[in-house]
Amino acid sequence: MIARRGFLGGAAAGLLLPAAVRAATGVVRIATPMAPPRWAVLQRELLAANAAACRAYYGKYVDARGYLKVFPRWGANDGPDDAAEATNDWELLHALGGADEVLTMARRFWEGHLRQYAAACTVDVAIARTGMYHREFPVQMDWQHNSEGLTGFNRMGLNTPHDAKLIERTCRFADFYTGADPAAPNYDPHHRIVKSAMNGSRGPMLHPASALDWAGDPFDTSRFRMEHGEGNYAETLGHYAEYMEVVGDTPLNTHCTMLGLNAYALGGGERYRRWVLDYLDAWVDRARANGDILPSNVGLDGTIGGAAGGRWWGGVYGWGFSPLVPQTGVRENRNRVLRALPAFLNGTLLTGDGAYIELWRRQRDRIDAAGRTIEGVWHTPTMYGANGWYGWKQGPHRTNGFEIWYVTQSPADRAAAGEHPWIGFLEGRNPGWAETALEGDLKRVRERLALVEGDTTVPENRLADWTLDKNPASVTALIQQTTGGLHIARPPWSPTSPPQGGVPLHCRLRWFDTGRRRAGLPEGVAALVEAMDDTGVTVVLVNLSDAPREVAMQGGAWAEHRLERVAIDGRVQAVAGRSVTLRLEPGCGARIAVTMRRYAQMPSLAFPWDRG
């Protein structure tokens, strides 16, 4: 077990306050007139444009049953996980203040796709012959793809935390991995491992995988646009020819802890928190034992590299995973270990402890130390094999750098993260960013809507991944501006951060419409986080409407940050709780300096007015 220790000094110091901390009961009135800032007008325009475009997309690609209008098949390239991603970011869009119809459509699709893929069966792939979903969950797949497919599901608690069906499902799904469900024996609590890289509601794959297991049944590829570039089924099969080494645990499996975090935050009980921490602690220990590098294979006996011939870098998607691309005959580096970082943020949320992000700092430093000069330019590695480090890329190792800095707020981590326009804005060096970013997202909505309207394909000629580049929901600027949060699913600093699926929202502030008793900013209200540091944020809040609006301001997506006080127009008011309610008079706004203690409270998805 790891030793618990904080990393945020006086701001948090590893302290977790009781879950029932009472929010401030007073309402703070804002009555200073404010001319509508252009960024505020653009925010409201973007919310409206998103809703209209999502409506058109839904009408095009989802039928009356909630089924996705595609040819359903099993496979890592174009299987159930891609179908489930069809409404990615719609839950976030609603949680930020998007239209109610966006949430209604997203939920109808989710329920429909569950039925669609439970009824869809394979012929050749043995595990899915009676349905690609079993008990509403993928029967057996890796956690790069499982996590992508759960992206929308893992954010449902932001909008409906008291939904009994959601709570039951989340706990059931989590128990596929806690060891509590004997019908899905994925987890070994003694060795604290998930037993295979391929796992799901029918349990783990405890033998080498075949290309068929990954690629799915043979099909006529000429009917479809193959998003991964394969020219025929043989090449689809060839893509997975070296994906055999699946037995044992892998860092990507830690993404299953998203289910445990949600189960706990929805009120499922302490045992989910305990399991998440036990499992993550095991990985922290393994990294320390492996020279501060997360091993990519752990055997069924708990030994590092134990299911890969002793190679700590072994396993599918591991440090040494460079399979042959059949179309080109060239090997491609597919190390996915670094995509595991968001799972370790769950440990930070559940403890306030820095050990879970500290291992990523140490690993970053180890990779940087392995760098070398190639033709006069500094390079750092991305891969490791029998002959040592390889896969050299120019510059220092910056992958996940912004996520590390976001948690620690350390100047050293900030320097290691690199540059990005949003961070430049927060640091006062890019004053025009807010408008530029919103205009960019509005352009993206229009471009994707044009793709939808111009699509002349029929469902029989679409695979499940056909819709993914047409989903118009665009929330990155809204997340950054209104919540001071990370959109990890689509990192704005790509390519230094890999894309992530299934990741919950991490932010400094979250808003709730107290009048309509729902998540998100009220109609006509806009917010812009202008600065943030270890102990607080500065945000401008404005009401563009001609009616008063009441909004609850919460510390963090999970109420994990304790608000201490707010300063508005020179008036300082103690709030000392998870949230504070603000009343905005028509046409009024203010710059609010919020002092907080980060990661000071147990995560909860309960709305502010429902807390004890």
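Quantities reported herein were computed from a predicted structural model and do not represent experimental measurements.
- Between E560 and R508, no side-chain nitrogen of the basic residue sits less than 4.0 Å from a carboxylate oxygen of the acidic one, so the salt-bridge criterion is not met.
- Using cut-offs of 30° and 60° on the angle between ring planes, the pair F109 and H113 is parallel.
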Take T130 and R202, measure what side chain to side chain donor-acceptor pair (under 3.5 Å) needs, and give me the verdict at the end. CA-CA 11 Å; T130 58; R202 292 197 181 276; 3.2 Å; yes
Going through the distances and angles, do E332 and H239 end up as a side chain to side chain contact (heavy atoms under 4.5 Å, CB included)? CA-CA 11 Å; E332 182 176 274; H239 179 100; 5.7 Å; no
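- Between the side chain of N199 and the backbone N or O of Q140, no donor-acceptor pair lies under 3.5 Å.
- Side-chain contact, Y599 with R562: no donor N or O sits under 3.5 Å from an acceptor N or O.
- Counting non-hydrogen atoms of other residues, nucleotides and ligands closer than 6.0 Å to CG of N387 gives a total of 12 or fewer.
- Applying the ring-ring contact (aromatic ring centres under 6.0 Å, His included) criterion to W389, with sequence neighbours excluded, gives W319, Y384.
- Looking at residues two or more places apart in sequence or on another chain, you find a salt bridge (charged side-chain N to carboxylate O under 4.0 Å, His left out) between R169 and E111, E136.
- To the nearest 0.5 Å, atom CG of residue D81 and atom CD of residue E148 are 5.5 Å apart.
- Once rounded to the nearest 0.5 Å, the distance linking CD1 of I404 with CZ of R414 reads 13.0 Å.
- Applying the ring-ring contact (aromatic ring centres under 6.0 Å, His included) rule to Y177 yields the partners W143; only residues at least two apart in sequence or on another chain are considered.
- In this model, no donor atom of one side chain and acceptor atom of the other lie less than 3.5 Å apart for D249 and H191.
- Looking only at distances, a side-chain donor or acceptor of N253 sits under 3.5 Å from a matching main-chain atom of S196.
- Put simply, the side chain of D465 never gets that close to the backbone of D82: no donor and acceptor are under 3.5 Å apart.
- A distance-only check finds no donor-acceptor pair linking the side chain of E91 to the backbone of L158 [under 3.5 Å].
- Between the side chain of R331 and the backbone N or O of S322, at least one donor-acceptor pair lies under 3.5 Å.
- Taking a cutoff of 4.0 Å between a charged side-chain nitrogen and a carboxylate oxygen, K165 and E168 do not qualify as a salt bridge.
- Residues I367 and P381 form a side-chain contact, since some pair of their non-hydrogen atoms from C-beta on lies under 4.5 Å apart.
- Contact check on D365 versus R361 returns no salt bridge, with no Lys/Arg side-chain nitrogen under 4.0 Å from an Asp/Glu carboxylate oxygen.
- Of the possible polar contacts, one joining the K195 side chain to the P185 backbone as a donor-acceptor pair under 3.5 Å is found.
- In this structure, R107 forms no cation-pi arrangement with W110, as its terminal cationic atom is not both closer than 6.0 Å to the ring centre and no more than 45° off the ring axis.
- Salt bridge status for D175 with R271: present, with a side-chain N to carboxylate O gap under 4.0 Å.
- Considering only residues two or more places apart in sequence or on other chains, D78 meets the salt bridge (charged side-chain N to carboxylate O under 4.0 Å, His left out) condition with R73.
- Every ring-ring contact (aromatic ring centres under 6.0 Å, His included) that F344 has, sequence neighbours left out, goes to W360.
- Salt-bridge check for R172 with D181: failed, with every basic side-chain N at 4.0 Å or more from each acidic carboxylate O.
- With sequence neighbours excluded, the residues forming a side chain to side chain contact (heavy atoms under 4.5 Å, CB included) with D301 are T303, listed by chain and number.
- Ring geometry for Y117 versus Y133: interplanar angle of 30 to 60°, hence tilted.
- Aromatic ring pairs are classed by plane angle as parallel below 30°, tilted from 30° to 60° and perpendicular above 60°; the pair Y240 and W214 is parallel.
- For S201 (side chain) and F137 (main-chain N/O), a donor-acceptor pair under 3.5 Å exists by modelled atom type.
- A salt bridge does not link R129 to D124: none of the charged nitrogens lies less than 4.0 Å from a carboxylate oxygen.
- Distance check: L505 CG to N154 CG gives 12.5 Å after rounding to the nearest 0.5 Å.
- At distances below 3.5 Å, at least one donor-acceptor pair connects side-chain atoms of R578 with backbone N or O atoms of A559.
- Judged by distance alone, with hydrogens and angles left aside, the side-chain atoms of S296 form a donor-acceptor pair with the main-chain N or O of W313 at under 3.5 Å.
- Atom CG of D292 is separated from atom CZ of R364 by 12.0 Å, given to the nearest 0.5 angstrom.
- Salt bridge D142/R336: absent, no basic N to carboxylate O contact under 4.0 Å.
- Between atom OG1 of residue T257 and atom CG of residue L280 there is a gap of 5.0 Å, rounded to the nearest 0.5 Å.
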